[in-house]
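Working notes, beginning with the structure itself.
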Amino acid sequence: MVNTGQKYSLDRDCMTLSRHVLQQLQSFGPEAQDLSAIMGRLALAGKLIARHLSSAGLMEGVLGFTGSTNVQGESVKKIDEYANRVFISVFEQSGLVCRLASEEMDKPYYIPENCPIGRYSLLYDPVDGSSNSDINLNIGSIFSIRQQEGMDEDGQARDLLQNGRKQLAAGYILYGPSTMFVYSLGTGVHAFALDPSLGEFILSRENIQIPESSSTYSVNEGNFWQWDESVRDYIRYVHEQEGYTARYSGALVSDFHRILYQGGVFLYPGTVKKPQGKLRLLYETAPLAFLVEQAGGRASTGETEILDVVPEKLHERTPLIIGSKENVALVESFVQQGTRASQEAVTK
Ligand code: AHM
Ligand code: MG
């Protein structure tokens, strides 16, 4: 007699990331081969970083700050620097991408021999939520793939300054109790869990659909008095409703992962000191917006869809409201009411 339980688990074990990517693209053509190879390299970067993190508490020189600051003026952690180098090493000899742009580098890193138009650019946040790393809590890496559309004489990578709908693929790697690789090629969102005994990412959930609404909200309420009155009104509204739950981990990737699976809304609004908020468009908010739309959710600045924002510079920031459709619309209604009220006050 056939043991069907065993059969199903074997089928599942055989659905590796590379096989899944080719299946999604329904092609063995050159672009499908390239994207499949890029996903394979990203998975390798994820495995290297996960391995490094798994023994971080036992080794010297893994945790803590380097003593330098990055282009954003933020203190760099040793793990940020390590992970940034991992992505470069993994792609440098791959012949797959022409340049890499990351949160940790002022300008993109070029691999000149791979730079014909039509090759790919990788944009990434090597370690998102890195302050969690010193205390062994969840962190992640975020990535986005775009096609190279122009040559770049002055290092400003102007062809990257286009909206998020230009992304060919996006995703993240979550370093949690298990390491997960979540990606989209524009055909749904799919999650893979790292099986350490095989060293392979195995399909865990396919075609994830975010719930239409939920009572979970995720925001750093320590910034309450730094926000616009309209955001404060939304939070006051939430406090008055029964059943709302707040969840905030300090790492966007893990808060987003919860919301992708269980619904709700994550917000990082502008503050008095940072009117555009903290999160960067090209390698944080746009890739997650790409994923959330594929899962049936939304991402907005409050006024504009995140995927429609055209940046003026590489490290541009945007306010972020992301998650279940109904929750995002509710936050937007507060923000837009606030905008209308201040416009009316100006015209009076
Ligand atoms: P990072 O990429 O430098 O780690 O910064 C981004 C992180 C997000 O993961 C997280 O949501 C946010 O910063 C937390 O910021 P705050 O401490 O201001 O709430
Ligand atoms: Mg980040």
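As the structure lists them, so they are numbered: ligands from 1, and atoms in each ligand from 1.
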Out of all atoms in ligand 1, which are within 4.0 Å of some heavy atom of [X]? Include the element for each.
| X | answer |
| --- | --- |
| A251 | 9 (O) |
| Y248 | 11 (O), 12 (C), 14 (C), 15 (O), 16 (P), 19 (O) |
| G250 | 9 (O), 10 (C), 14 (C) |
| E284 | 2 (O), 6 (C) |
| S130 | 4 (O) |
| F266 | 11 (O) |
| L252 | 8 (C), 9 (O), 10 (C), 11 (O) |

Would you mind checking if R298 and E293 are paired as a salt bridge, meaning a charged N to carboxylate O distance below 4.0 Å? no

Could you tell me whether R236 and D233 have a side-chain N and a carboxylate O separated by less than 4.0 Å? yes

Ring geometry between F201 and F181 (parallel below 30°, tilted from 30 to 60°, perpendicular above 60°): tilted

For G140, does its backbone N or O pair with a side-chain atom of D128 as donor and acceptor, under 3.5 Å? no

Record the part of R280 in heavy-atom contact with ligand 1 below 4.0 Å; permitted values are side chain, backbone, both and neither.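 R280 to ligand 1: side-chain contact only, backbone stays beyond 4.0 Å.
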
Show your reasoning for whether side chain to side chain donor-acceptor pair (under 3.5 Å) applies to Y244 and E240. CA-CA 9 Å; Y244 267 89; E240 283 161 11; over 6 Å; no

Is there a nitrogen or oxygen of D125 sitting under 3.5 Å from a nitrogen or oxygen of ligand 1?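 N/O-N/O distance below 3.5 Å exists for this pair.
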
Out of V253, N220, L320, whose heavy atom sits nearest atom 17 (O) of ligand 1? N220

Would you confirm whether the ring centroid of F87 sits within less than 6.0 angstrom of the ring centroid of Y124?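 Aromatic pair counts; centres sit under 6.0 Å.
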
Please check if the number of heavy atoms outside Q26 that lie under 6.0 Å from its CD is greater than 12. no

